[in-house]
Amino acid sequence: KGLEEIQQLKVEKCSLISFNKFLSPNKVFGMYESILSLPSGKYNCKFMYGELLLYLSCLGFCNSGDECPLQHEMLPYRHDACPGQYAQRFFTLANNEKLTFLVRNDGVYKNEYFMCKNNICIDYSNVCDLVDNCGDGSDEKGCKNHFKCTEKNHYLPLNQKCDGKIDCQDFSDECNEQCTKYILTGKTYKFFAWAIGISAIFLNIEVLIRNTRKL
């Protein structure tokens, strides 16, 4: 009975949506139809990652301004996309005019991949997941679920920004306008900072010497 109640709740609270209609309004011959069971309404996607974030943002279920990472005008991908990958690809037609390809996965044929700027293709689960899987940062570009450190392609969850703990090597997650803390820039500021630091060291040494003499 419990399983029946869960199934009924799923029917009442969730909607069945075909992701194929987003991927390609024109029918791709032989492509498996991905039916997603998604909750009704819109959600804050700032703490979602990978496949879930991609599906929700592309289908318009995010209310946090997240943009779809996929370039809709390029879908479905051309037959020669993702060079050097998916050697066992099957060529087919989209709308009986555009040559594309499908890849067999778990017994079905799909073309659900993210194409990086450098033409490498990755799975949806590797998009907006805080890791530069493309090597050029394009799988994380535009994602609003992270904070990017200034100097390197190092990505942090939003709750690690301004949390009092330094996670970026360049301190940018704690020293920025939102955190109201700043890193001193310019030769003059750096000179005074070093002068104050060195003075503090010498003053501490002098105090230690005086205390030692009193013993």
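All of these numbers come straight from a predicted model, not from anything done at the bench. Note: hydrogens, waters and symmetry copies are ignored here, and every other heavy atom, side chains too, is used.
Asn119 is linked by a side-chain hydrogen bond (donor to acceptor under 3.5 Å, both in side chains) to nothing, counting only residues two or more places apart in sequence or in another chain. For Asp136, the side chain to side chain contact (heavy atoms under 4.5 Å, CB included) partners are Cys116, Lys117, Asn118, Cys134, Ser138, not counting sequence neighbours. Shown here are the ring-ring contact (aromatic ring centres under 6.0 Å, His included) partners of Tyr155, two or more places apart in sequence or in another chain: His146. Legend: residues meeting ring-ring contact (aromatic ring centres under 6.0 Å, His included) with Phe90, ordered by chain and number and at least two apart, are Tyr109. Applying the side-chain hydrogen bond (donor to acceptor under 3.5 Å, both in side chains) test to Thr92 and every residue at least two apart in sequence or in another chain returns nothing. Residues passing the ring-ring contact (aromatic ring centres under 6.0 Å, His included) test with His154, sequence neighbours excluded: none. With sequence neighbours left out, Phe114 forms a ring-ring contact (aromatic ring centres under 6.0 Å, His included) with no residue at all. Listed by chain and residue number, Arg210 satisfy the side-chain hydrogen bond (donor to acceptor under 3.5 Å, both in side chains) test with Glu206 (two or more places apart in sequence, or in another chain). Applying the side chain to side chain contact (heavy atoms under 4.5 Å, CB included) rule to Glu33 yields the partners Ser18, Asn20, Ile35; only residues at least two apart in sequence or on another chain are considered. Not a single side-chain hydrogen bond (donor to acceptor under 3.5 Å, both in side chains) links Asn126 to another residue, sequence neighbours left out.
When only modelled atom types and interatomic distance are considered, Lys148 and Asn153 share a side-chain donor-acceptor pair under 3.5 Å. Side-chain contact annotation: Asp123 with Ser125, donor-acceptor N/O pair under 3.5 Å absent. Side-chain contact, Asp163 with Asn159: no donor N or O sits under 3.5 Å from an acceptor N or O.
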Extract all donor-acceptor atom pairs below 3.5 Å that involve side chains of residues 46-62 and protein atoms in other chains or at least two apart in sequence.
unit_1, atom_1, unit_2, atom_2, d
Tyr55, OH, Glu112, OE1, 3.4
Ser57, OG, Leu53, O, 2.8
Ser57, OG, Leu54, O, 3.2

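Between Cys149 and Asp170, the shortest heavy-atom contact is C-OD2, 3.9 Å. Listed here is the closest heavy atom pair of Lys110 and Met31: CA-CG, 4.3 Å.
Of the possible donor and acceptor atoms, one in the side chain of Arg89 sits under 3.5 Å from a partner among the backbone N and O of Gln85. At least one donor-acceptor pair closer than 3.5 Å links the side chain of Asn176 to the backbone N or O of Gln178.
Using the six-membered ring where Trp is involved, Tyr86 and Tyr113 have ring planes that are tilted, between 30° and 60° apart.
Ile205 forms part of a hydrophobic cluster together with Ile201, Ile209, judged by ILVMFWY side-chain heavy-atom separations under 4.5 Å.
Annotation: the span from Asn111 atom CG to Thr100 atom OG1 amounts to 4.5 Å, rounded to 0.5 Å.
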